[in-house]
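A short write-up of the structure that comes next.
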Amino acid sequence: MVSFYAKVYEVVRCIPTGKVSSYGRIARMLWAPQASRAVGYALRGLRHRIHDPDYSDIPWHRVVSKEGIIRVGVQGEEDLLQVELLQTEGVEVGAPKYRVDMKKHLWKGLSPEEVGELIEQLELLKEAATDRA
DNA sequence: ATGTTGACGGTTG
DNA sequence: TCAACCGCCAACA
């Protein structure tokens, strides 16, 4: 089985520049409507892997809360990296609550069929990898 | 097997 | 709008 995190990463890769999605929407696309929290957990480590070719192409910063609020200040100290990355892409972020206008930037998302194809490709890749081993 | 850990989300006051 | 509370879930030890 392909891990839940791997599926999350594939969907996030599909978010176009200038658009954002939410943890809950990603979870629903993956037929796990209650797993929004797990989606966030899957994404949290990516910011430290910008030099890892396997993960550096995942636009983790394009995922925010349902209301468009960006989480800054992990571990006490304020971290505005996500805000800066979004602004670079032309997404305006309101202060002081660091909020994105979801009316304007929300990504439509993938259809169930598209998600199905995505997962299928992942399964094939994994199969090929295990065969090689 | 079991408990812990949260980039969440819905509800309530 | 805001915050406190609570239920969920996948990964990891």
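The sequence lines fix the lettering, A, B, ..., with proteins before strands; numbering per chain opens at 1.
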Checklist entry - Can you tell which of A/Glu89, A/Glu84, A/Gln82 makes a side-chain hydrogen bond (donor to acceptor under 3.5 Å, both in side chains) with A/His61? => result A/Glu89
Next on the checklist: Let's see if you get this right: which residues in residues 19-27 of chain A place a heavy atom under 4.0 Å from DNA chain C?
Outcome noted: none
Please list each protein N or O that sits under 3.5 Å from an N or O in nucleotides 11-13 of chain B, with the distance.
none

Checklist entry - Can any side-chain N or O of A/Tyr9 pair as donor or acceptor with the backbone N or O of A/Ala42 at less than 3.5 Å? => result yes
Checklist entry - Out of A/Val64, A/Val93, A/Val91, which one pairs with A/His105 under the side-chain contact (heavy atoms from CB on, under 4.5 Å) rule? => result A/Val91
Checklist outcome for this item: Against the side chain of A/Ala38, the closest entry in B/dG10, C/dA10, B/dC8 is C/dA10
Item to check | Closest to side chain of A/Arg99, choosing from C/dC2, B/dG10, B/dA7 | outcome: C/dC2
Checklist entry - OH of A/Tyr55 versus C1' of B/dA7: gap in Å, rounded? => result 17 Å
Next on the checklist: From OH of A/Tyr41 over to C1' of B/dG6, roughly how many Å is that when rounded to an integer?
Outcome noted: 6 Å
Next on the checklist: Would you say A/Thr17 and A/Arg62 are linked by a side-chain donor-acceptor pair, where the criterion is simply a distance under 3.5 Å?
Outcome noted: yes
Checklist entry - If you measure only the distance, is there a donor-acceptor pair under 3.5 Å linking the side chains of A/Glu113 and A/Ser111? => result yes
Item to check | Salt bridge present between A/Glu10 and A/Arg13 (N-O < 4.0 angstrom) | outcome: yes
Next on the checklist: Can you check the distance between C/dC8 and B/dT12, where both ends of the measurement are the P atom (answer in whole Å)?
Outcome noted: 16 Å
Checklist entry - Do A/Arg37 and B/dG9 have a side chain to base donor-acceptor pair shorter than 3.5 Å? => result no
Checklist entry - Which nucleotide, B/dC8, B/dA7, C/dC8, lies nearest any side-chain atom of A/Ser36? => result B/dC8
Checklist outcome for this item: Its dot-bracket string being built from Watson-Crick and G-U pairs below 3.5 Å, with | for another strand and [ ] for crossing, DNA chain C has the pattern .||||||.|||||
